[in-house]
Amino acid sequence: MSKEKSYRSLPRWIELGTILTLLVPLLYTAGWSYACHYFEKFHLGLLGLNIPREYFFLYSFWVIREEFLSFLVLLFILFAISLMWGYQRQVASAMIARGRGGGLFAIRVIAVPIFILILFLIFYALGGKAAQSAYKEEKMDGFPSYPRVRVWVKPGVGENSAAMAKEWEMGCYRLLMRNNEDLYLFYPGGSKAKLPIDIIPAGGVESVRILPHYHGCR
């Protein structure tokens with residue numbers, strides 16, 4: 001009897017594993033969409049930023065934070081559909097045993113890919129919506145998450161470095177991000193929907209000083 005019970009409970013575990021397996025790429029999609037839409041506000045594409053892929057999962061938690069209620073509703077819908085799917089599978093198995101389950105099998109084959117595609121589109125949209133909200137909040141508060149920096153560059157780095165070097169040294173610019181190749185700075189002032197970005201090659205940076213937020217521009 002114990003073996004029969006374990007075999008009967010196995011499909012439920014398979015359904016749970018399917019949900020978890022599907023949830024991982026969905027979270028990745030939400031995080032990727034968040035990063036794509038957020039950095040697009042700074043005229044930056046993801047290909048040039050070289051963001052590690054595991055960071056997109058971190059961004060997905062920001063999406064959950066911004067769209068928590070929507071995420072709970074989606075989880076509830078996913079769980080409810082999994083229960084309905086298990087019940088429908090039992091009905092289909094019984095009908096197949098009677099030789100009448102061909103139509104239900106065809107419906108499942110068509111409905112499952114469409115449902116999965118809709119889920120990915122919804123998580124992509126949630127990521128974009130969360131990015132819009134986060135950027136709007138940051139801009140209204142004066143970008144408090146990004147520190148002011150003073151940057152000294154080496155002489156002769158780039159065509160416009162001589163003209164921009166004094167501005168970078170004043171400490172009015174904010175540090176958006178930094179990777180092994182470039183330093184990304186932006187000026188938080190202005191009313192433009194998209195802020196311009198100054199990209200400084202990391203090899204041309206002599207030194208960087210992080211300033212407190214209350215530090216004024218000289």
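- Here the CD-CE distance, from Glu138 to Met140, works out to 12.0 Å after rounding to the nearest 0.5 Å.
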Item to complete: For Phe186 and Tyr173, run ring-ring contact (aromatic ring centres under 6.0 Å, His included): C-alpha distance rounded to whole Å, both residues' side-chain angles, the deciding distance at 0.1 Å, then the answer.
Response: CA-CA 5 Å; Phe186 71 96; Tyr173 280 74; 8.4 Å; no
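- Using a distance-only test at 3.5 Å, with no hydrogens or angles considered, a donor-acceptor pair links the side chain of Asn179 to the main chain of Asp182.
- In this structure, Leu27 and Ser60 approach most closely via the heavy-atom pair O-CB, 3.1 Å.
- Note: the hydrophobic cluster containing Val73 does not contain Leu121 (ILVMFWY, side chain heavy atoms under 4.5 Å, direct or indirect links).
- A distance of 10.0 Å separates CD of Glu67 from CG of Leu74, quoted to the nearest 0.5 Å.
- A donor-acceptor pair is defined here as one N or O able to donate and one able to accept, closer than 3.5 Å; such a pair exists between the side chain of Arg150 and the backbone of Glu169.
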Fill in: Step-by-step side chain to side chain contact (heavy atoms under 4.5 Å, CB included) determination, Arg178 to Tyr184
CA-CA 6 Å; Arg178 183 178 187 176; Tyr184 297 85; over 6 Å; no
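- One N or O on the side chain of Thr29 and one on the backbone of Pro25 form a donor-acceptor pair closer than 3.5 Å.
- Between the SG atom of Cys36 and the CD1 atom of Ile51 there is a distance of 9.5 Å, given to the nearest 0.5 Å.
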Worksheet item: Does the ring-ring contact (aromatic ring centres under 6.0 Å, His included) test come out yes or no for Trp62 and Tyr34, once each step is laid out?
Response: CA-CA 8 Å; Trp62 294 0; Tyr34 180 94; 5.8 Å; yes
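- Note that CG of Leu176 and CG of Leu44 are 6.5 Å apart. Values are rounded to the nearest 0.5 Å.
- Placement of Trp32 and Leu117 in two distinct hydrophobic clusters is found when ILVMFWY residues are connected by side-chain heavy-atom separations under 4.5 Å, directly or transitively.
- Between Tyr38 and Tyr59, the ring center distance fails the sub-6.0 Å criterion.
- Taking the side chain to side chain contact (heavy atoms under 4.5 Å, CB included) definition, one finds that Leu75 meets it with Leu23, Phe71, sequence neighbours left out.
- Of all heavy-atom pairs spanning Ile199 and Ile197, the tightest one is CG1-CG2, 3.7 Å.
- The two residues Glu66 and Ser133 come nearest to each other via the heavy atoms OE1-CB, 3.9 Å.
- Residues Phe61 and Leu26 fall within the same hydrophobic cluster, defined by Ile, Leu, Val, Met, Phe, Trp and Tyr side chains chained together at heavy-atom separations under 4.5 Å.
- Heavy-atom minimum distance, Met164 versus Asp198: CE-OD2, 3.2 Å.
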Fill in: Evaluation steps, ring-ring contact (aromatic ring centres under 6.0 Å, His included), between Tyr124 and His37
CA-CA 10 Å; Tyr124 176 85; His37 286 88; 5.4 Å; yes
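- Hydrophobic cluster membership is shared by Ile122 and Phe68, with clusters built from Ile, Leu, Val, Met, Phe, Trp and Tyr side chains linked at under 4.5 angstrom.
- Residues Leu47 and Phe39 are members of separate hydrophobic clusters, defined by side-chain heavy-atom contacts under 4.5 angstrom among Ile, Leu, Val, Met, Phe, Trp and Tyr.
- By the 30° and 60° cut-offs, the orientation of the rings of Tyr146 relative to Phe143 is tilted.
- Separation of atoms CH2 (Trp168) and CH2 (Trp152) is listed at 13.5 Å; rounding is to 0.5 Å.
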Worksheet item: Does the side chain to side chain contact (heavy atoms under 4.5 Å, CB included) test come out yes or no for Glu167 and Tyr187, once each step is laid out?
Response: CA-CA 10 Å; Glu167 293 191 20; Tyr187 186 75; over 6 Å; no
Worksheet item: Between Phe123 and Tyr28, does a ring-ring contact (aromatic ring centres under 6.0 Å, His included) hold up when you go through it step by step?
Response: CA-CA 9 Å; Phe123 273 76; Tyr28 183 91; over 10 Å; no
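- The local environment of CZ in Phe115 is crowded, with over 12 non-hydrogen atoms from other residues, nucleotides or ligands closer than 6.0 Å.
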Discussion item. As a quick check of understanding, evaluate side chain to side chain contact (heavy atoms under 4.5 Å, CB included) for Asn180 and Asn50, giving each step before the final call.
Written reply: CA-CA 9 Å; Asn180 294 330; Asn50 296 324; over 6 Å; no
Discussion item. Between Val149 and Leu211, does the side chain to side chain contact (heavy atoms under 4.5 Å, CB included) criterion hold? Intermediate values first, please.
Written reply: CA-CA 6 Å; Val149 291; Leu211 303 175; 6.0 Å; no
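- When all heavy atoms of Ser33 and Gly127 are compared, the pair lying nearest together is OG-C, 3.7 Å.
- Heavy-atom minimum distance, Leu49 versus Met177: CD2-SD, 3.8 Å.
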